[in-house]
Amino acid sequence: AFINTVDLQQEAAAGKPGLKVTGVDTDAKLVEILGSQTTNDILYVNATALTTGSAFVINQDQADTTTRTLARIIQNHTGATGTTGLSIQSDAGRGLFIDTNLADGDYALEIDAEQTTTNTAKIAAASTTGTILDIQAEALTDGRSINIYDNSMTEGSALYIDSNSASTSTRNIASIIQNHSSASGSTTLYLQQDHATADALLVKGAVTVGVDNTGHDVKYFGATSGAYMLWDESEDDLTLVGAARAVVPDGQLVLGSTAITSTATELNVMDAGATVITPTVASGDAFVMDDADAGMAQVDIDNVDTYLA
């Protein structure tokens with residue numbers, strides 16, 4: 001018989017569901033709705049009076065380990081580019097909450113994306129002072145809070161952070177904080193580059209370590225055991241240890257504001273172990289002496305001859 005509409009009303013004291021459908025055919029759909037609507041809803045649930053219950057519940061208590069999906073939404077046409085598979089609007093409270101008690105090794109949330117040139121996930125937030133993405137891993141000991149695998153990259157970035165704000169306020173574009181003073185074995189940022197000549201760290205801009213009056217030790221190791229350069233913040237000294245050396249090209253050493261124009265060969269003459277020569281002393285020759293008026297200076301040998309005469 002043709003039925004235009006069906007209207008069911010549950011009595012206030014019924015104590016039973018207003019509509020109950022029991023299926024006994026194990027390989028056929030229990031309920032199928034074929035809707036011809038184009039601009040209206042096919043299935044609409046109005047739960048205005050709801051307080052502590054749920055508007056929609058799927059409950060399964062089945063121990064079978066066969067792969068299955070409890071709820072599935074399928075948009076099955078590649079041309080429907082304006083379609084959203086699932087839209088959730090929440091004017092208060094939480095928009096989406098997943099409470100998972102899965103066994104080890106399974107995901108609480110997994111996205112299998114097949115698109116190759118568009119984004120997989122996007123967060124468009126209007127937050128100004130809150131946290132847009134908050135990951136709380138308080139129980140984590142030897143795992144990873146965030147794990148990014150990328151074995152196919154050629155020119156992109158595994159992690160890209162871009163800030164284009166003109167504000168002059170003090171801020172950090174990225175902050176990594178190890179916040180416990182007892183964690184002596186922790187490394188705040190670890191970088192590994194397996195290529196022999198490629199950069200592990202490339203910085204374009206100023207680099208500051210510590211703040212005025214509160215510095216930090218900075219150590220650079222060499223290829224020889226025990227060789228390193230250390231900026232010792234407690235001593236305010238830059239120290240070369242072991243086989244480490246300071247190599248400065250001729251003419252590029254400056255003390256204070258005075259350039260040292262002597263070559264290494266000339267400076268080595270002052271070494272106590274330098275080769276002693278017996279030159280022929282003649283008028284116009286000079287030697288280095290500490291003059292009471294001029295200090296250390298090259299002195300014409302003729303002045304000594306006059307002094308001794």
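Since the model is a prediction, treat every value here as computed from it, not as a measurement.
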Under 3.5 Å: donor-acceptor pair, side chain of [X], backbone of [Y]:
X    : Y    : answer
R68  : D64  : yes
T84  : L86  : no
Q178 : H180 : yes
N172 : A174 : no
D232 : S234 : yes
R171 : S167 : yes
T118 : Q115 : no
D194 : A196 : no
N46  : T48  : yes
Q75  : H77  : yes

Assess whether atom [atom1] of [X] is packed by more than 12 heavy atoms of other residues, nucleotides or ligands within 6.0 Å.
X    : atom1 : value
Q10  : CD    : yes
D142 : CG    : no
Q62  : CD    : yes
N147 : CG    : yes
E32  : CD    : yes
M296 : CE    : yes

Minimum heavy-atom distance between [X] and [Y], given as atom pair plus value:
X    : Y    : value
V254 : A259 : CG2-CA, 4.0 Å
A243 : A227 : N-CB, 3.8 Å
V21  : V31  : CG1-CG2, 4.5 Å
A55  : A47  : CB-CB, 3.9 Å
T22  : L30  : C-CD1, 4.0 Å
G95  : I88  : O-CG2, 3.2 Å

Check: For residues D250 and Q252, is any side-chain donor paired with an opposing acceptor at under 3.5 Å?
Finding: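 No, no side-chain donor-acceptor pair sits under 3.5 Å.
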Notebook entry, point to check: With a 3.5 Å cut-off and no angle check, do the side chains of E266 and N268 form a donor-acceptor pair?
Noted result: no
Check: Which hydrophobic side chains are connected to F287, either touching it within the sub-4.5 Å cutoff or through other members that do?
Finding: V281, M289, V299, I301, V304, Y307, L308
Next item on the list: Could you walk me through whether Q136 and D134 pass side chain to side chain donor-acceptor pair (under 3.5 Å), step by step?
Entry: CA-CA 6 Å; Q136 298 182 12; D134 187 10; 3.1 Å; yes
Is the shortest side-chain heavy-atom distance between [X] and [Y] below 4.5 Å?
X    : Y    : result
Q193 : D199 : no
N303 : D305 : no
Q37  : T39  : no
L191 : L189 : yes
S283 : D285 : no
M229 : T239 : no

Check: Is the distance between the ring centroids of F221 and Y228 less than 6.0 Å?
Finding: yes
Next item on the list: Go through V218 and L230 one step at a time and tell me if the side-chain contact (heavy atoms from CB on, under 4.5 Å) criterion holds.
Entry: CA-CA 6 Å; V218 180; L230 171 66; over 6 Å; no
